[in-house]
Number of protein chains: 2
Amino acid sequence: MLTLLFAAALQAAPAVPPSPPKPWDAQPADWVAIPDDQIMVITFADKRHVTIRLAAALAPQHVANIKALIAARWWDGESVYRVQENWVAQWGDASEKKALPATVVKTPAAEFEIGSFAAAARMTRSDGYSTISGFTADGWPIATDGKAAWLTLCYGSVGVARDALPDTGSGSELFTPIGQSARRLDRNYTVVGRVVEGMANLSSLPRSEAAMGVYATAAERTAIATVRLASELPAGERPQFQYRATGNPRFAAYIKSREAPETSTVPTGASVCDLAVGVRRKLAG
Amino acid sequence: MLTLLFAAALQAAPAVPPSPPKPWDAQPADWVAIPDDQIMVITFADKRHVTIRLAAALAPQHVANIKALIAARWWDGESVYRVQENWVAQWGDASEKKALPATVVKTPAAEFEIGSFAAAARMTRSDGYSTISGFTADGWPIATDGKAAWLTLCYGSVGVARDALPDTGSGSELFTPIGQSARRLDRNYTVVGRVVEGMANLSSLPRSEAAMGVYATAAERTAIATVRLASELPAGERPQFQYRATGNPRFAAYIKSREAPETSTVPTGASVCDLAVGVRRKLAG
């Protein structure tokens with residue numbers, strides 16, 4: 001594999017003894033269960049999944065709406081109808097005429113910001129979008145300008161699409177950034193979660209060259225069969241996820257290891273989105 | 001289009017008078033021709049193209065190698081053999097055993113850095129990877145830590161794949177970031193150019209879940225029919241591109257307009273990669 005990037009990753013051949021633990025390796029207790037009712041499973045008509053962790057505590061009004069939409073089976077039979085190159089994939093009701101269930105608040109107040117910058121771990125440097133960024137204790141990437149605080153948008157974040165006015169997104173139309181400039185949307189779109197599995201099923205969809213990347217024909221859309229909370233699925237089909245806790249020396253060392261990687265010729269730096277999604281499937285046994 | 005992002009973009013209906021010019025609008029003279037021998041056209045077997053602007057002045061040794069490889073038709077019949085989710089697409093000789101032509105320097109010195117931070121326009125804020133970033137007069141995104149200077153890696157940049165040692169990339173295996181963390185590679189990989197057209201033909205390719213995203217089977221690869229310089233193509237097929245010059249008040253205003261967009265509820269900030277690729281097809285007439 002001479003010319004591949006990061007050939008060092010291939011050096012773990014069976015004959016080589018395992019590396020000693022690194023200061024940034026998580027300990028088993030650092031992995032904490034995510035409640036089943038904070039995991040949203042989208043199943044496409046072709047059986048592929050996109051699985052999302054919901055930011056229940058940080059965008060409570062919109063996550064409540066999303067749970068009500070799931071309970072009403074509102075997305076079943078809808079589609080991914082917009083995929084714009086280096087920007088977003090978006091799903092929901094392509095006609096935008098489907099009535100919302102009575103259990104959904106039509107125009108909840110925007111939840112662009114969160115109460116405080118309660119970071120359990122921090123990046124060393126400021127960036128082009130905030131003075132300080134870091135992670136909540138349970139792993140959400142957050143930022144502040146010294147006054148307000150917010151959940152950042154990164155590649156794979158799930159945001160609430162809306163009209164020009166801030167309070168116009170119910171949560172029925174959702175999007176995820178599939179390019180590099182997600183943070184341009186910080187504090188302007190409510191973040192309700194993050195894709196934790198199946199991101200490639202959105203990011204590799206064909207792009208549309210029509211206005212704003214909305215597919216010009218229904219045939220181009222990716223059909224959604226069902227959207228469920230993990231807690232609704234039969235026990236045997238229910239995926240179980242864990243987040244990596246950030247309020248410990250291992251995670252602080254992990255940030256440092258990404259800001260100055262051992263494998264780099266020089267310290268490259270890092271930004272909060274580079275380290276996002278410390279989420280994994282619960283290990284068997 | 002009630003719930004779409006940036007609905008304002010759709011307001012340019014025919015009956016509405018055109019908006020007055022903005023301070024950040026380029027003037028016609030700001031668009032400057034890119035020489036035909038700095039445009040590399042990859043044509044897949046299915047006729048789709050990926051077009052790359054070469055950084056001839058900033059990575060001269062590796063661009064010379066690339067031109068020698070094109071002249072030898074070295075990539076014709078090769079493939080895109082690696083597509084790793086939220087990381088890179090990579091192309092060249094999947095076997096890594098094909099001999100290089102005698103006209104190619106096998107192990108050129110790495111060109112991770114450039115001579116000086118000669119920025120004609122600058123971003124306002126530092127970021128997680130550099131103290132200052134900006135653009136060369138002819139539009140390449142660059143950065144510095146106050147000592148060294150380098151061409152940044154962004155989504156769509158074209159870099160030279162290599163082995164663990166720095167001076168091990170000839171330019172025969174190339175990659176482009178297709179996710180958000182391209183700048184993690186800054187100063188560790190030689191940047192030879194940037195995709196200026198057809199990026200979706202790389203970014204929407206199926207991801208491989210095999211090690212490092214290298215397709216496990218030849219059938220998964222995307223076949224490359226030809227790679228040519230635009231200057232080699234018949235005049236009628238030759239694409240002509242222009243870059244946006246950055247050393248003028250319009251580009252400075254453009255940076256400001258992205259750092260604090262009129263359409264945002266708050267200033268969002270921006271980073272150098274958000275503004276990269278000020279390149280377009282030459283307009284007809």
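Within every chain, numbering begins at 1; the chains are lettered A, B, ... in the order of the sequence lines, protein sequences first and strands thereafter.
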Q: For B/Asp145, check side chain to side chain contact (heavy atoms under 4.5 Å, CB included) against everything at least two apart and list the hits.
A: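 Residues passing side chain to side chain contact (heavy atoms under 4.5 Å, CB included) with B/Asp145: B/Lys147, B/Ala148, B/Trp150, B/Arg187.
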
Q: If you count heavy-atom pairs under 4.5 Å between each of A/Ala110, A/Pro261, A/Ser130 and chain B, which one has the most?
A: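 Most heavy-atom pairs under 4.5 Å with chain B: A/Ser130.
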
Q: With chain A, which of B/Met199, B/Arg258, B/Glu259 has the greatest number of heavy-atom pairs at distances under 4.5 Å?
A: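 Most heavy-atom pairs under 4.5 Å with chain A: B/Arg258.
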
Q: If we count only N and O atoms by modelled type, under 3.5 Å, do the side chains of A/Asp127 and A/Ser271 hold a donor and an acceptor together?
A: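 Not at all, the side chains of A/Asp127 and A/Ser271 share no donor-acceptor pair under 3.5 Å.
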
Q: Side chain from CB out, backbone as N, CA, C, O: work out which of these in A/Met123 comes under 4.5 Å of a heavy atom of chain B, or both, or neither.
A: neither

Q: Under 4.5 Å from any heavy atom of chain B, what part of A/Thr131 do you find: side chain, backbone, both or neither?
A: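 Contact with chain B involves both backbone and side-chain atoms of A/Thr131.
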
Q: Which residues satisfy the ring-ring contact (aromatic ring centres under 6.0 Å, His included) test with A/Tyr155, sequence neighbours excluded?
A: none

Q: Name the member of B/Gly269, B/Ala270, B/Ser126, B/Gly156 that forms the most heavy-atom pairs with chain A at distances under 4.5 Å.
A: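 Most pairs with chain A among the choices: B/Ala270.
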
Q: Sub-3.5 Å donor-acceptor pair from the side chain of B/Glu173 to the main-chain atoms of B/Gly169, do we have one?
A: no

Q: Which region of A/Asp186, side chain (C-beta onward) or backbone (N, CA, C, O), has a non-hydrogen atom less than 4.5 Å from a non-hydrogen atom of chain B, or is it both or neither?
A: backbone

Q: For the residue pair A/Phe112 and A/Tyr189, categorise the inter-ring angle as parallel (less than 30°), tilted (30 to 60°) or perpendicular (more than 60°).
A: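 Geometry flag for A/Tyr189 against A/Phe112: tilted rings.
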
